[in-house]
Amino acid sequence: MSKCKDTIELCSVSKSFQVDGEALWVFRELSLSVPQHEITVVLGKSGCGKTTLLRLIGRLDTDYSGEIHYPVNARTAFVFQEARLMPWLNVWDNITFGLKRREINPGQVEELLSLTGLSGFSRLYPRQLSGGMQQRVSLARALALKPQFLLMDEPFAALDYFTRSNMQEALLNIHRSTNCGVLFVTHSIDEAICLGDRIVIIDHQQVKKVYHLRERAGAEAPLSDSELKEDILQTINS
């Protein structure tokens with residue numbers, strides 16, 4: 001159970017992999033709070049452990065030391081870089097794939113179709129959809145699980161600029177509509193600034209810095225996006 005009813009808390013989490021008989025450390029005593037109702041974006045150089053962090057929080061990897069506390073009955077769901085749809089299932093069946101038959105509510109599925117911009121496409125198959133549409137199906141499938149926290153691993157990285165921009169706007173609308181907490185991994189600083197309520201920089205097995213963008217909006221002399229981007233770059237490269 002979490003000390004805070006709507007926050008996932010990582011307390012002194014350490015994680016390593018065995019390589020040629022030696023421990024390769026990803027995290028050492030890492031602590032981080034992931035609040036629900038906010039979009040937390042994770043930035044860092046390749047190999048810093050961003051995907052590993054998602055796997056730990058999503059309970060896909062339980063081989064670590066330290067503690068991860070969750071709100072009572074908190075449910076997480078993943079959206080990956082690849083849509084990972086079942087090619088033999090249509091959009092409707094892909095969205096409901098992770099549900100038991102008694103959990104499928106046609107009205108709620110229709111709401112998800114509308115929320116993700118998929119109304120009218122429910123009978124199409126993945127091969128008939130663009131990459132952006134496939135990612136919308138993947139997002140709707142995750143939301144069908146009614147998660148309190150959505151874990152997203154560079155879900156828009158493979159999309160072209162215009163499709164990526166549309167998907168970012170769709171995610172912001174979905175977040176406002178559902179109040180689902182989002183932990184979003186990206187390599188793009190621009191995407192982090194566009195989406196994040198908070199930006200977390202990971203480096204050298206630790207949380208290096210956290211930017212609170214909501215507080216920035218209320219500051220007397222808030223940083224512009226270009227100033228914030230420059231500061232983030234300096235933090236990552238220092």
Side-chain angles (χ1 to χ4, degrees), residues 1-15 26-27 29-44 49-81 83-84 94-105 108-109 111-112 115-116 135-156 170-186 192 195-200 202 206-207 210-214:
M1 183 185 302
S2 174
K3 298 175 183 177
C4 182
K5 65 180 181 179
D6 60 356
T7 302
I8 295 175
E9 296 174 351
L10 287 77
C11 304
S12 299
V13 170
S14 296
K15 169 67 182 177
V26 183
F27 303 128
E29 303 292 316
L30 180 145
S31 294
L32 175 66
S33 294
V34 182
Q36 195 176 346
H37 314 312
E38 289 190 6
I39 298 178
T40 300
V41 179
V42 180
L43 277 174
K50 299 185 294 296
T51 297
T52 299
L53 179 67
L54 289 185
R55 289 179 57 83
L56 293 176
I57 292 175
R59 304 180 178 93
L60 297 182
D61 188 342
T62 58
D63 182 19
Y64 63 90
S65 62
E67 297 181 336
I68 303 179
H69 300 284
Y70 298 86
V72 177
N73 298 323
R75 180 180 292 188
T76 60
F78 272 91
V79 179
F80 300 96
Q81 184 171 340
R84 301 189 182 186
N94 264 289
I95 290 173
T96 60
F97 181 75
L99 303 177
K100 297 178 181 178
R101 186 178 298 273
R102 66 175 181 275
E103 295 175 325
I104 298 174
N105 183 317
Q108 292 177 352
V109 177
E111 290 178 6
L112 285 175
L115 187 62
T116 53
Q135 279 297 75
R136 289 176 184 270
V137 179
S138 178
L139 182 54
R141 179 179 59 190
L143 292 171
L145 298 174
K146 299 181 180 179
Q148 284 72 46
F149 295 89
L150 196 59
L151 310 179
M152 309 187 74
D153 192 3
E154 299 193 74
F156 310 147
L171 177 60
L172 290 171
N173 290 334
I174 288 168
H175 174 65
R176 286 190 288 265
S177 299
T178 64
N179 278 327
C180 180
V182 178
L183 185 62
F184 190 101
V185 163
T186 181
L195 294 177
D197 295 306
R198 299 190 311 150
I199 298 175
V200 176
I202 294 181
Q206 285 285 336
V207 171
V210 178
Y211 294 85
H212 298 272
L213 272 63
R214 284 188 176 182

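Please read all numbers here as calculations on a predicted model, not as lab measurements.
Two residues are said to be in side-chain contact when any heavy atoms from C-beta on lie closer than 4.5 Å; Leu150 and Cys180 meet this criterion. Between Gln81 and Asp153 there is no side-chain heavy-atom pair separated by less than 4.5 Å.
The only option from Val42, Leu151, Thr76 that meets the side chain to side chain contact (heavy atoms under 4.5 Å, CB included) definition with Leu54 turns out to be Leu151.
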Inset, instruction - Show your working on side-chain contact (heavy atoms from CB on, under 4.5 Å) between Tyr70 and Gln148 and close with a plain yes or no. - result: CA-CA 10 Å; Tyr70 298 86; Gln148 284 72 46; over 6 Å; no
Inset, instruction - Show your reasoning for whether side-chain contact (heavy atoms from CB on, under 4.5 Å) applies to Thr7 and Ser33. - result: CA-CA 6 Å; Thr7 302; Ser33 294; 3.9 Å; yes
Legend entry - Stepwise side-chain contact (heavy atoms from CB on, under 4.5 Å) test for Phe149 and Ile8: CA-CA 9 Å; Phe149 295 89; Ile8 295 175; 3.6 Å; yes
Legend entry - Check against side-chain contact (heavy atoms from CB on, under 4.5 Å), Asn173 and Leu171: CA-CA 5 Å; Asn173 290 334; Leu171 177 60; over 6 Å; no
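Between the side chain of Arg75 and the backbone N or O of Leu145, at least one donor-acceptor pair lies under 3.5 Å. Here the side chain of Gln108 pairs no donor or acceptor atom with the backbone of Asn105 at under 3.5 angstrom. Within the 3.5 Å criterion, the main-chain N or O of Gln36 finds no donor-acceptor partner in the side chain of Asp6. Side-chain N or O atoms of Glu9 include none that pairs as donor or acceptor with a backbone N or O of Ile68 at under 3.5 Å. Side-chain N or O atoms of Arg141 include one that pairs as donor or acceptor with a backbone N or O of Ala83 at under 3.5 Å.
Asn179 and His37 make their closest contact through O-ND1, 2.8 Å (heavy atoms, listed as atom of the first residue, atom of the second, distance). When every heavy atom of Thr186 is checked against every heavy atom of Glu154, the shortest pair comes out as CA-CG, 4.0 Å. Residues Leu99 and Ala144 approach most closely at CD2-O, 3.5 Å, considering heavy atoms. Residues Ser31 and Ser12 share a closest heavy-atom pair of OG-N, 3.0 Å. Closest non-hydrogen pair, Gly49 versus Val26, comes out as CA-CG1, 3.6 Å. When all heavy atoms are compared, the tightest approach of Gln206 to Glu29 is NE2-O, 3.2 Å.
Note that the CZ atom of Phe27 and the CG atom of Leu32 stand 9.0 Å from one another [nearest 0.5 Å]. Atom CD1 of Ile57 sits about 11.0 Å away from atom OG1 of Thr52, to the nearest 0.5 Å. Summarising the geometry, atom OG1 belonging to Thr96 is positioned 9.5 Å from atom CZ belonging to Arg101; distances are rounded to the nearest 0.5 Å. From Arg84, atom CZ reaches atom CD of Gln135 across 10.0 Å, with rounding to the nearest 0.5 Å. Atom SG in Cys11 sits 4.0 Å away from atom NE2 in His69 (nearest 0.5 Å). To the nearest 0.5 Å, atom CD1 of residue Ile95 and atom CG of residue Leu143 are 9.5 Å apart.
Pairs engaging residues 33-44 under the salt bridge (Lys or Arg N to Asp or Glu O under 4.0 Å) rule: Glu38-Arg198, Glu38-Arg214 [sequence neighbours left out].
Remark: Phe78 pairs with Phe80 by the ring pair (Phe, Tyr, Trp, His ring centres under 6.0 Å) rule, at least two apart or across chains.
Under 4.0 Å is where a charged nitrogen must lie from a carboxylate oxygen, and between Lys15 and Asp61 at least one such pair does.
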